[in-house]
Colleague: 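Sharing a structure, written as structure tokens. Questions coming.
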Amino acid sequence: MFNGRVLVIDDEKGFLVVLQAILEDEGYEVTTMNDPEMVMPYLEEAEVDVVITDMKMPKITGGELLEQIKKSYPRLPVLIMTAQGSIESAVEVMRHGAFNYITKPFANDELLLSVKNAMELSETHRQYQILRESLEERFSSHQIIGKSKIMLETLALVDRVAQSKSSVLICGESGTGKSSIARALHFSSPRKDMPFVAVNCKAFTTPMLDLELFGQESAVGDTVAMKRGRIELADQGTLYLSEIGSLSNELQVKLLRVLQDKTIERLGGTDPITVDIRLVVSTAEDLNQLVLAGKFREDLFYRLNVVKIDMPPLRERREDIPLLVAHFINKICTENNMPQKYFSYEALNYLNGYEWQGNIRQLQNVVERCVIMVPHKEIGVEDLPPEIKDEDAQFTSAVDLLPPTMDLAETLDKIEGAVIRRALVRADFVQSRAAEMLGISRSLMQYKLRKYNITGH
């Protein structure tokens, strides 16, 4: 039975032994200290639910320690014990944030009731934090926006997969919204009220990522401090690992063990800890190629690739661009307390016709730049960044993004198809006008549209 973690501080070692026995009999995990100067370093490294401290101690008094704890950990309940109880001192420590005040000698039942109530408060704070973060995720800008056929198919797949416990691999170019899909999977699943924990594998060195994922048990003076990792924090919920292709071989082995055994061991620890997580990972890289190159374990790849969701690039879901633009404008204007703005019809056509190599993230950046920098309500073509309205800049940028080795005929076809599509968008899907813009006949235009399978709206 485990009821929570309690830290007890008292300069009398014999009293600490008695308190530890009383609390451990009730299922609490107890750490004792007789040096109050070690408390703050310990709290930086360990997770504690309730603190019990004596009032009168050398070096630091219980009241001083209470102030230090409340300054750094305002929601951590602190119980004060003293052999010199008085109404005045009780009022003083309560005024400084103590959860309760206990006068020595006290009955065991009195102590245990105070600890139980403090533990319930600590658990309430924890659940509130989880709920607050969940609501922020659920109602934040990470909502998925789109009505294009390919996005509706993707969202239908998300709905089907969300109810299962299977691992999910989300693939797609950078900026396509892979994290949004991961969140949608979680908040549409039976685990929606449990934690959603996200980790960018590329943001850490291997040792730091190891610590971040698995946690640690370390010594602080003569005391063992414990810190839970992200995997443990995601217990009963969803763990989302982005940029999974950057995971080192060492961590690939450890992650595979988690999926197989459903247990972890903290760094420095020896006891296995059971975890129940739903794993969702994403990558902008081709994991198949990484497997063939020997950079990603094949057995882990098959464990992760139970269900695969491919995120389409923005250039393949152009019908969603006006919706995304409207969403970003509303969000940016609201956050900055600005009057609502809009793109002119011609400017929006330019946005629709652009290739968006950076996908949704690039679109959001462009919209934000225009909304913030343009003083008037209507954002016209002249207000667009050079890379959007300047044909030469667009062409140079597109050529620079091409790989050094390629099939020339296939590449030229892709470029021609993109140019025709952009002209059609800017001509408001009037084929004769688009043909005139490109300097070709209408019949040739119709041939090209069939060749590249380009349709109207």
Side-chain angles (χ1 to χ4, degrees), residues 1-13 15-57 60-83 85 89-90 92-131 195 215 217-218 220-228 232-233 235 273:
M1 178 175 63
F2 172 74
N3 288 328
R5 300 174 181 85
V6 182
L7 173 63
V8 186
I9 309 102
D10 198 300
D11 57 323
E12 297 180 25
K13 292 185 177 180
F15 190 69
L16 287 176
V17 172
V18 173
L19 272 181
Q20 183 169 6
I22 294 171
L23 293 169
E24 286 183 345
D25 284 346
E26 294 297 314
Y28 297 112
E29 182 181 300
V30 183
T31 300
T32 61
M33 287 183 179
N34 69 339
D35 183 358
E37 290 186 334
M38 294 300 297
V39 171
M40 296 310 295
Y42 179 80
L43 291 177
E44 289 177 4
E45 297 294 329
E47 291 184 22
V48 174
D49 299 309
V50 174
V51 174
I52 304 174
T53 179
D54 192 24
M55 174 66 88
K56 192 173 182 180
M57 297 181 291
I60 302 175
T61 69
E64 292 169 339
L65 183 58
L66 170 66
E67 289 188 38
Q68 291 180 15
I69 292 173
K70 284 299 174 181
K71 185 176 181 180
S72 299
Y73 308 98
R75 297 191 180 279
L76 179 58
V78 180
L79 302 176
I80 300 288
M81 305 179 297
T82 182
S89 55
E92 185 65 18
V93 294
M94 297 295 282
R95 188 172 66 83
H96 284 90
F99 176 76
N100 204 354
Y101 180 91
I102 308 174
T103 305
K104 296 179 182 177
F106 47 75
N108 290 356
D109 288 347
E110 180 187 1
L111 170 68
L112 293 175
L113 179 59
S114 288
V115 173
K116 178 176 180 291
N117 291 337
M119 198 64 70
E120 288 177 353
L121 177 63
S122 186
E123 178 62 22
T124 299
H125 285 321
R126 183 180 296 108
Q127 291 301 323
Y128 168 77
Q129 182 67 15
I130 291 173
L131 176 61
E217 293 181 10
S218 57
V220 177
D222 297 328
T223 308
V224 175
M226 179 279 293
K227 208 157 200 176
R228 292 182 292 178
E232 198 173 345
L233 291 172
D235 188 36
I273 300 164

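Note that the coordinates shown come from a computational prediction; the quantities given were computed from them, not determined experimentally.
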Colleague: Is the shortest heavy-atom distance from the side chain of Leu66 to the side chain of Thr61 under 4.5 Å?
Modeller: no
Colleague: Return the set of residues passing side-chain contact (heavy atoms from CB on, under 4.5 Å) with Asp235 (not counting sequence neighbours), or none when no residue passes.
Modeller: Val275, Asp276
Colleague: Do Leu23 and Val115 touch side chain to side chain, with heavy atoms closer than 4.5 Å?
Modeller: yes
Colleague: Run the side-chain contact (heavy atoms from CB on, under 4.5 Å) test on Asp49 and Glu123 for me, step by step, so that the C-alpha distance in whole Å, both residues' side-chain angles and the decisive distance to 0.1 Å come before the verdict.
Modeller: CA-CA 8 Å; Asp49 299 309; Glu123 178 62 22; over 6 Å; no
Colleague: Between OH of Tyr101 and OG1 of Thr82, what distance do you get to the nearest 0.5 Å?
Modeller: 5.0 Å
Colleague: What distance separates Asn100 CG from Ser114 OG, expressed to the nearest 0.5 Å?
Modeller: 4.0 Å
Colleague: Find the distance between CG (Leu43) and CE (Met38) and round it off to the nearest 0.5 Å.
Modeller: 11.0 Å
Colleague: Is the shortest heavy-atom distance from the side chain of Ile52 to the side chain of Leu7 under 4.5 Å?
Modeller: no
Colleague: Specify the closest pair of heavy atoms between Gly62 and Thr53, including all atoms of both residues, with the distance to one decimal.
Modeller: CA-OG1, 4.2 Å
Colleague: Main chain of Glu44, side chain of Lys227: is a donor-acceptor contact present, judged purely on distance under 3.5 Å?
Modeller: yes
Colleague: Testing the basics here: between Ala118 and Pro77, what is the closest heavy-atom pair and its distance to 0.1 Å?
Modeller: O-CG, 3.5 Å
Colleague: Can you name the residues that form a side-chain contact (heavy atoms from CB on, under 4.5 Å) with Asp54, not counting sequence neighbours?
Modeller: Asp10, Asp11, Met57, Met81, Lys104
Colleague: List the atom of Ile9, the atom of Pro36, and the distance in Å for their closest heavy-atom pair.
Modeller: CG2-CA, 4.0 Å
Colleague: Heavy atoms, side chains only, cut-off 4.5 Å: are Gln20 and Phe15 in contact?
Modeller: no
Colleague: Take Tyr73 and Met40, measure what side-chain contact (heavy atoms from CB on, under 4.5 Å) needs, and give me the verdict at the end.
Modeller: CA-CA 10 Å; Tyr73 308 98; Met40 296 310 295; 3.9 Å; yes
Colleague: Are Phe99 and Val78 packed together at the side-chain level, in the sense that at least one heavy-atom pair is separated by less than 4.5 angstrom?
Modeller: no
Colleague: Output all residues satisfying salt bridge (Lys or Arg N to Asp or Glu O under 4.0 Å) with Glu29, sequence neighbours left out; order by chain, then residue number.
Modeller: Arg5
Colleague: Show me the pairs that pass salt bridge (charged side-chain N to carboxylate O under 4.0 Å, His left out) and involve residues 110-120, at least two apart or across chains.
Modeller: Lys116-Glu120
Colleague: Testing the 3.5 Å rule here: is there a donor-acceptor pair between the side chains of Thr31 and Tyr42?
Modeller: yes
Colleague: Does any part of the side chain of Ile80, heavy atoms only, come nearer than 4.5 Å to the side chain of Ile102, both counted from C-beta?
Modeller: no
Colleague: Answer whether the closest heavy-atom distance between the side chains of Val39 and Ile69 falls below 4.5 Å.
Modeller: yes
Colleague: Give a yes or no on whether a salt bridge exists between Glu47 and Arg228, defined as a side-chain N under 4.0 angstrom from a carboxylate O.
Modeller: yes
Colleague: Restricting to non-hydrogen atoms, name the atom on Met94 and the atom on Ala98 that form the minimum distance, rounded to 0.1 Å.
Modeller: SD-O, 3.5 Å
Colleague: I'd like to check Val51 versus Leu76 (side-chain heavy atoms, cut-off strictly below 4.5 Å). Are they in contact?
Modeller: yes
Colleague: Can you sort out the partners of Leu113 under side-chain contact (heavy atoms from CB on, under 4.5 Å), two or more places apart, ordered by chain and number?
Modeller: Asn117
Colleague: How long is the span from the CG atom in Leu112 to the CD1 atom in Ile22, to the nearest 0.5 Å?
Modeller: 7.0 Å
Colleague: Tell me every residue that passes salt bridge (Lys or Arg N to Asp or Glu O under 4.0 Å) with Glu12, counting only those two or more places apart in sequence or in another chain.
Modeller: none
Colleague: At what distance, to the nearest 0.5 angstrom, does CG of Leu111 lie from CD of Glu26?
Modeller: 9.5 Å
